[in-house]
Amino acid sequence: MEFGSRSMVRFIRQYARRWLPPLLLITLLSFLYLNFRSISFDDGDSYSFMLALRQFNLDLYQPQPPGFPVYIALGRVLLQLVGNPLSALTLLSAISGVVTGIAMYGLGHNLGEKRYLLTSIGAAFLVGFSPMGWLTAEKALSDMPGLAMTLLAIWALWSGRDKWLLLIIGGFLTGLGLGLRPQNGLPPLLLLVWLSLRHLQLRRPMRILGLLIVSAVIGILLWLLPTISAVGGFDVYWFHILKHAKHVRYADSILSAPLSFATLEKRWKIFAETFLLHTTGLTLSAHWNWLRIFHGLAVAVFVLTGIFAANWRDVSTQVLAIWAIISALQVFLIEAVDRPRLFLPILPPLTLLIVKGWARLNQPRWLSPILVACVAFAMLLITLPAAKQLNSIPTPPVQATAYVAANFLPNETVLAAAGSFRAAQVELPNYRLFYLYLFDHAALPAALQSPTRYVVIFDRDNFPEQVVRALSNNGEFVVIEERKFARNPLAHPQHAEVYLQVLTHLGRIPNEEMIVPPGGCIDIGNKEDWRFLRDGWYRAGYFEENIGGVSGRWAGQTLTATLHFVVTQSMTVSLTLRAIAYPENQELSLNLNGQNIGHLKISKSWETYSMIIPYKMLEVGKINKLDLVHKVLSIPFEQTGGASSDRRSLAVAYDWICLDLYTGHD
């Protein structure tokens, strides 16, 4: 009996040692990922995937090429179970996040040397708690399922170096993964090729190599044949792929801008900023106080020590390094470097490499486990607030569409959108909608006829002035409202802010709305200045702009900037304004109701200027039109040789304009 009890104790200890760590990992990641799933579609691609669940159509970008057919198929399976597209896709990402943790644990076991348990559990938690890993596992996007499939394929291929069944499973998963997220396919494909060459070098049976190739082909055909059938043939499918590749080249890749040292430096800074912020919480753009310096030094010590301590003679270390470099180069050269979810494939090999190095440091033995645990806990604290926002605050485009639905009737409102187009299309299906990048000028005049009362522009800061001019029906519609909808950009940096601008017909604005405030001052740059400003002002995205320490607004879209206002009594007044010029030798002519009232030279520092408006030039109870006519416009980007990123044409910035009763003599 005693012998049996001891055997049972040894069995329990051995069982606990083997299974308790992965069970802890699965339990914790499942709890976090399932409870913090996003309550909205966070990205335009999320809406495309949602629409594809009901109708797979590459012509309508449902989804975008190459179609992600395996992802859509998995989403449809879950849709049948949960009945809601958002729940189905976020559930798929959450499950994939847990699978990613399991695959990281398995890879840590296979690739680790000493203390492989630390490598396994440490790397899994570091990836799982990082902002990039955790937050991506909460969204209706293909990135986390794609990473899970990639890691499973690499895990199976590496484990199958001497086990032919696992090798064949890895080949199948590699082929299948190309239909889930093909962007992630290069590392497993290269590993598959290397293992095949190694197989030939070792003169192993050719039938195993043949089975490996066949399994990969079967994985590809499982998604390729249904996709070709759905789109109408291979030629059509290939056309869509080439078209999308062209878009990526000119919109996202390193070739999207002329190659020069300046553009490479700018791309590298964005790359580094995006990766650091969404893995460690560090930002390069903020002021580095002593706390941020300590944070940066701690990150540098942890990363560099782990990398230098790794056993670089070991083949698995070299494989991890090559894997990380290939993934990083792919993002830097081809992908959009401001989207953290695209960086996700870099994280697993880099994390495994770092923790593997720390696992080799045995003196003192407790240091590495405690340090890795502290880093993982710090990542959890960084990510948790953003995860809470994902789970409680809708993405800004959804906030904006909810505001429109609550305040404007579909038959009276025309919408225009850029990045928020998919959100407006899905959330506001009964509204007439114009898309900036496929703008239908021919259909606009009819859309602006009665009963249209409002034009609502999402993403106003993306719209060029000629398009806004068309939407305003050449000035007939004027701005009556501006709103900003925002959320923590760490939760999802794309569409983290949406500027909404509402226009209505000039004849529908009551004169009472344009009465000069008590005290006689129009505060330029205030959120309420829309009542007075007309053409020639920079608006959405730039209200409350800090200009040399002053909250003001730039004029400069055209040489003339216009204000409309109403006064309640006829009088001789002093017009006083506070302004600063951008270009040298700036001059300003002021025309009131078509008559010139003065000429000023504006300096490049904030100054106050005054002039007299004679008696009866102001029309009582009617709209008075004040034109500020500038002599010259200048673009900061051109003036500074690229040192400034501001590409607006600027004339003069204004802080306020006041009308004061004149106490002198006419």
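These figures come from a predicted structure and were not determined experimentally.
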(request) Carefully, step by step, assess Asp143 and Thr136 under the rule side-chain hydrogen bond (donor to acceptor under 3.5 Å, both in side chains). (result) CA-CA 7 Å; Asp143 301 86; Thr136 308; over 6 Å; no

(message) Pair Thr279, Ser130 - check side-chain hydrogen bond (donor to acceptor under 3.5 Å, both in side chains), show working.
(response) CA-CA 5 Å; Thr279 51; Ser130 69; over 6 Å; no

(request) Just do the side-chain contact (heavy atoms from CB on, under 4.5 Å) check on Phe463 and Leu471 with the steps written out, would you? (result) CA-CA 10 Å; Phe463 276 73; Leu471 288 167; 4.0 Å; yes

(request) Run the numbers on Glu607 and Ser605 for side-chain hydrogen bond (donor to acceptor under 3.5 Å, both in side chains), then give the verdict. (result) CA-CA 6 Å; Glu607 302 288 350; Ser605 60; 3.1 Å; yes

(request) Go through the steps to decide whether Leu428 and Leu433 satisfy the test side-chain contact (heavy atoms from CB on, under 4.5 Å), and finish with yes or no. (result) CA-CA 9 Å; Leu428 302 170; Leu433 176 61; over 6 Å; no

(message) I'd like to know whether Leu276 forms a side-chain contact (heavy atoms from CB on, under 4.5 Å) with Leu284, so could you lay out the CA-CA distance, the side-chain angles of the two residues, the decisive distance to 0.1 Å, and finally the verdict.
(response) CA-CA 8 Å; Leu276 284 174; Leu284 301 176; 3.9 Å; yes

(request) Go through the steps to decide whether Leu628 and Leu563 satisfy the test side-chain contact (heavy atoms from CB on, under 4.5 Å), and finish with yes or no. (result) CA-CA 8 Å; Leu628 307 171; Leu563 294 92; 3.7 Å; yes

(message) Before you tell me yes or no, could you show the steps for Glu273 and Thr283 under side-chain hydrogen bond (donor to acceptor under 3.5 Å, both in side chains), namely the whole-Å CA-CA distance, both residues' side-chain angles and the distance that decides it to 0.1 Å?
(response) CA-CA 6 Å; Glu273 169 77 13; Thr283 174; 2.6 Å; yes

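Contact check for Gln62 versus Tyr47: no side-chain heavy atoms found under the 4.5 Å cut-off. Within the 4.5 Å cutoff, the side chain of Leu600 has heavy atoms near those of the Leu590 side chain. A 4.5 Å side-chain heavy-atom check between Asn391 and Asn35 finds every atom pair outside the cut-off. Side-chain contact between Leu659 and Leu575 is present, with heavy atoms from C-beta onward closer than 4.5 Å. The side-chain heavy atoms of Trp606 and Asp655, taken from C-beta on, include a pair separated by under 4.5 Å. At least one side-chain heavy atom of Ile457 sits less than 4.5 Å from a side-chain heavy atom of Leu503. When side chains are defined from C-beta on, Ile382 does not count as touching Leu384, because their heavy atoms never get closer than 4.5 Å.
Salt bridge Asp45/Arg341: present, at least one basic N to carboxylate O contact under 4.0 Å. Electrostatic pairing of Arg469 and Glu465 does not count as a salt bridge here, judged by no charged N lying under 4.0 Å from a carboxylate O. Electrostatic pairing of Glu584 and Lys631 does not count as a salt bridge here, judged by no charged N lying under 4.0 Å from a carboxylate O. Taking a cutoff of 4.0 Å between a charged side-chain nitrogen and a carboxylate oxygen, Arg553 and Asp529 qualify as a salt bridge.
Partners of Tyr582 according to the side chain to side chain donor-acceptor pair (under 3.5 Å) rule, which considers only residues two or more places apart in sequence or in another chain, do not exist here.
Annotation: the span from Ile580 atom CD1 to Gln586 atom CD amounts to 11.5 Å, rounded to 0.5 Å. Distance check: Thr280 OG1 to Leu277 CG gives 7.5 Å after rounding to the nearest 0.5 Å. For the atom pair Thr383 OG1 and Lys388 NZ, the distance stands at 12.5 Å (nearest 0.5 Å). The distance from atom CG of Asp252 to atom OH of Tyr250, rounded to the nearest 0.5 Å, is 13.5 Å.
Ring-centre distance between Phe421 and Tyr435: below the 6.0 Å cut-off. Checked against the 6.0 Å centroid threshold, Trp554 and Tyr654 do not count as a close aromatic pair.
In summary, the side chains of Glu587 and His599 do present a donor paired with an acceptor at a separation below 3.5 Å, with no hydrogens or angles considered. A side-chain donor from one of Glu497 and Tyr499 sits under 3.5 Å from a side-chain acceptor of the other.
The local environment of OH in Tyr437 is crowded, with over 12 non-hydrogen atoms from other residues, nucleotides or ligands closer than 6.0 Å. Within a 6.0 Å sphere centred on CG of Asn474, heavy atoms belonging to other residues, nucleotides or ligands number more than 12. Within 6.0 Å of CH2 in Trp268 there are 12 or fewer heavy atoms belonging to other residues, nucleotides or ligands.
Scanning all heavy atoms of the two residues, the minimum distance from Thr395 to Arg487 falls at N-NH1, 3.4 Å. Across Leu60 and Arg422, no two heavy atoms sit closer than the pair O-NH2, 2.9 Å. Among all heavy-atom pairs drawn from Pro636 and Leu650, the shortest one is CG-CD1, 3.6 Å. Here the shortest heavy-atom pairing between Arg37 and Ser87 reads NH1-O, 3.2 Å. Counting all heavy atoms, side chain and backbone alike, Leu255 lies closest to Arg249 at CD1-NE, 3.4 Å. In terms of heavy atoms, Arg267 sits closest to Ser256 at NH1-OG, 4.4 Å.
Using bins of under 30°, 30° to 60° and over 60° for the plane-to-plane angle, the ring pair Phe271/Phe343 lands in the tilted bin. Trp134 and Phe36 have perpendicular rings, their planes meeting at more than 60° on a 0 to 90° scale where under 30° would count as parallel.
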Enumerate donor-acceptor pairs with a distance under 3.5 Å from any side-chain N or O in residues 443-452 to protein atoms, sequence neighbours excluded.
| unit_1 | atom_1 | unit_2 | atom_2 | d |
| --- | --- | --- | --- | --- |
| Gln449 | NE2 | Pro445 | O | 3.2 |
| Thr452 | OG1 | Arg432 | NH1 | 3.2 |
| Thr452 | OG1 | Arg432 | NH2 | 3.1 |
| Thr452 | OG1 | Ala447 | O | 2.6 |
| Thr452 | OG1 | Gln449 | O | 3.2 |

Do any side-chain atoms of residues 405-419 form donor-acceptor pairs under 3.5 angstrom with protein atoms, and if so which ones, sequence neighbours left out?
| unit_1 | atom_1 | unit_2 | atom_2 | d |
| --- | --- | --- | --- | --- |
| Asn407 | ND2 | Tyr403 | O | 2.7 |
| Thr413 | OG1 | Leu409 | O | 2.8 |

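In this structure, Asp459 contributes its side chain and Asn462 its backbone to no donor-acceptor pair below 3.5 Å. In this structure a side-chain-to-backbone donor-acceptor pair under 3.5 Å is present from Asn84 to Leu86. Side-chain atoms of Asp535 do not come within 3.5 Å of backbone N or O of Ala561 as any donor-acceptor pair. Between the side chain of Glu427 and the backbone N or O of Ala402, no donor-acceptor pair lies under 3.5 Å. A distance-only check finds a donor-acceptor pair linking the side chain of His630 to the backbone of Leu559 [under 3.5 Å]. Although no hydrogens or angles enter the test, the distance criterion places a donor-acceptor pair under 3.5 Å between the side chain of Lys139 and the main chain of Ala491. Judged by distance alone, the side chain of Ser40 and the main-chain N or O of Asp42 form no donor-acceptor pair under 3.5 Å. When atom types are taken as modelled, the side chain of Asn624 and the backbone of Lys622 share a donor-acceptor pair closer than 3.5 angstrom. For Thr401 (side chain) and Ala423 (main-chain N/O), no donor-acceptor pair under 3.5 Å exists by modelled atom type. A donor-acceptor pair is defined here as one N or O able to donate and one able to accept, closer than 3.5 Å; no such pair exists between the side chain of Thr90 and the backbone of Ala140.
Each of His492, His495, Arg339 was scored for a side-chain hydrogen bond (donor to acceptor under 3.5 Å, both in side chains) with Asp43, with one residue passing: His492.
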